[in-house]
Amino acid sequence: MYYFSVLTALCFISFFCCFYTLIRIFGRFTHNERPFYFYTLISLINSTIITLSVHLAIRVSIVYLMILTLLFIDFIILFKLPYAEQYWCAMHFVLHLICVRGIVTSLLALITRNSLFAIMASETQRLVTLIIALMILTIGMNIQLRTAKIFEKLKQLFRFKSQLYFINTIGSVMLAYQLFCTDSFFHSIDFTWLTLMLLFGALLTLTGYYMVFFQSIRASVWVHNTWRTEALEVLLKRQLLHYRSYEQYTTSIRVFKHDYNKIIASIRSLLRANEPDKALCLLEDMDHCLQENISVHKQYSDDMLVDAVLHELADECLELKADFSASVTLPIWLNIPQLELNKLFTSLCQELSLRCALTKSDVHRHIKIIGEANDEWLSIVAETSFDGALGDLHQSYKMSDEFNLHSMTLPSLREVVALFGGFVNVEADTVQFIYKVNIHISSEYTRNKGLVL
């Protein structure tokens, strides 16, 4: 009885360490770390419930499903993430716990030359296999906690929901298979081949799961790189167009300066010859040439890339017959990569353009963007006319191509801004048909953490 009490206490501690480490890893991965006492309280509750279930000898498969349910609920309470991501993390842990415990139990049966039924019928040996499995998982998770590469690969996997759903489906099938194998431990069949079969079944389950898992990650990375290449091509094209616009402007200035010197020399000669009328005529011709031949290049932002994006939006407003005005000043402390900055303003401009395009003919069409910053915040206020249809402000008009740069909508904008430690607020006036998007980015995040891609 004494040894059983000690093993029960060790089981409780092992469950606590395992739950605490898992929740802490998920919090660090999602950048939503909470105070340690949150993790401690939830881990204590989970450990108490599961340890009592084990102590009461509840069916093992039901205990595993209880762990899966508790973790899923914990992630929902602690982290505001899609259910698919939360389910994957819970399923990933439970599948590993079942397989590792199955391997430990099978090896113990082979070493002691007992049947699996004898191992699981003994309360002491049953707890020992569980404690060893939990210790192995805790050590493995602490090693993963020090590895940043796996987090980056998971982020790319979570960006593409189809691959994540595929992993969840395969993992759930393997989990159901292992639950079925676990129930076979309690059948009094004393065959060595059964023990070997269950041992290799657990090993093959983990091997197959990781083969599918890493293949899905590779597919996600390939799609991400393809999208990134297309985005960089569009970004380069945008910068070239912006550069050519500047080149055209400087060329017209150079030509005018050459003509200007000649005209000034002629005006001086006419004034010395006391012919002011002819000199005035030349001045009028020079003013006409200045207005007609020199293209005025408007500057909407002090950042060349943002200015190029806003110029594209200005061209779209000409086609929509909408008034356009913009003035965006970016602070020095804004430590954002060019590609991510391009995604942010492209998402914003597309959202405004889509809303403005659906505006009724009797409503004045306009788009206005103002960006100002101080030492603590960057605030971007964008306003446009719209048709008055609100729908769900957390969603927007979806485009057909999932990986096209121009398929970004309001949810994408929220996601991009969240990467920078900011938030997006949307306002809609259905009386005056004005739609506003307010973006706020804190200097504390970009200064201290920056953005890791």
Side-chain angles (χ1 to χ4, degrees), residues 234-235 237-249 252 288 290-330 341-372 379-393 395-401 404-414 416 424-439:
V234 174
L235 181 59
K237 181 180 179 181
R238 178 174 288 159
Q239 290 176 335
L240 286 174
L241 290 174
H242 196 255
Y243 171 76
R244 287 169 184 167
S245 176
Y246 264 117
E247 188 179 33
Q248 183 181 1
Y249 174 71
S252 61
H288 179 74
L290 178 65
Q291 298 295 330
E292 295 292 331
N293 297 330
I294 296 183
S295 58
V296 179
H297 184 88
K298 294 183 179 180
Q299 186 173 5
Y300 299 112
S301 175
D302 56 350
D303 184 88
M304 184 184 72
L305 176 60
V306 176
D307 192 45
V309 175
L310 294 176
H311 268 280
E312 285 190 2
L313 182 60
D315 294 337
E316 292 180 12
C317 286
L318 287 177
E319 297 178 1
L320 295 174
K321 297 181 181 179
D323 295 336
F324 177 78
S325 62
S327 176
V328 178
T329 303
L330 299 182
L341 189 65
N342 176 70
K343 287 167 61 177
L344 191 155
F345 278 93
T346 300
S347 302
L348 175 62
C349 291
Q350 186 183 28
E351 176 68 18
L352 297 175
S353 178
L354 288 170
R355 297 283 182 180
C356 186
L358 296 176
T359 304
K360 299 176 182 178
S361 58
D362 57 340
V363 177
H364 174 65
R365 289 184 173 181
H366 71 281
I367 293 179
K368 181 180 179 181
I369 303 175
I370 302 295
E372 297 176 344
S379 298
I380 301 172
V381 181
E383 175 185 307
T384 184
S385 53
F386 79 121
D387 58 353
L390 293 177
D392 186 359
L393 293 181
Q395 300 295 328
S396 187
Y397 306 95
K398 296 183 179 179
M399 307 296 285
S400 58
D401 188 357
N404 193 313
L405 181 66
H406 296 284
S407 65
M408 298 177 184
T409 53
L410 186 58
S412 307
L413 178 62
R414 294 181 187 274
V416 172
V424 178
N425 182 35
V426 177
E427 302 174 6
D429 187 346
T430 56
V431 178
Q432 298 183 358
F433 299 101
I434 295 177
Y435 180 82
K436 286 186 178 181
V437 179
N438 302 307
I439 301 173

> Which heavy atom of His366 sits nearest a heavy atom of Ala322, and at what distance?
Replying inline: N-CB, 4.1 Å
For [X], check side-chain contact (heavy atoms from CB on, under 4.5 Å) against everything at least two apart and list the hits.
| X | answer |
| --- | --- |
| Asn438 | Val381, Asn425, Glu427, His440 |
| Gln432 | Asp429, Ile434 |
| Ser301 | Asp303, Val306, Asp307, Leu310, Val328 |

>> With a 4.5 Å cut-off on side-chain heavy atoms, are Val437 and Leu413 touching?
In response: yes
>> I'd like to check Phe345 versus Ile380 (side-chain heavy atoms, cut-off strictly below 4.5 Å). Are they in contact?
In response: yes
> ring pair (Phe, Tyr, Trp, His ring centres under 6.0 Å) with Tyr300: which residues, sequence neighbours excluded?
Replying inline: His311, Phe324
>> Quick check for you: to the nearest 0.5 Å, what is the distance between Ser353 atom OG and Leu358 atom CG?
In response: 9.5 Å
>> Working to the nearest 0.5 angstrom, can you tell me the gap between Ser327 OG and Gln299 CD?
In response: 9.5 Å
>> Show every side-chain hydrogen bond (donor to acceptor under 3.5 Å, both in side chains) that has at least one partner inside residues 317-326, sequence neighbours left out.
In response: Asp323-His364
>> Looking at Arg355 and Thr384, would you say the former's side chain and the latter's main chain have a donor-acceptor pair under 3.5 Å?
In response: no
> Can you list the residues that meet the side chain to side chain donor-acceptor pair (under 3.5 Å) rule with Ser385, with sequence neighbours excluded?
Replying inline: Thr359
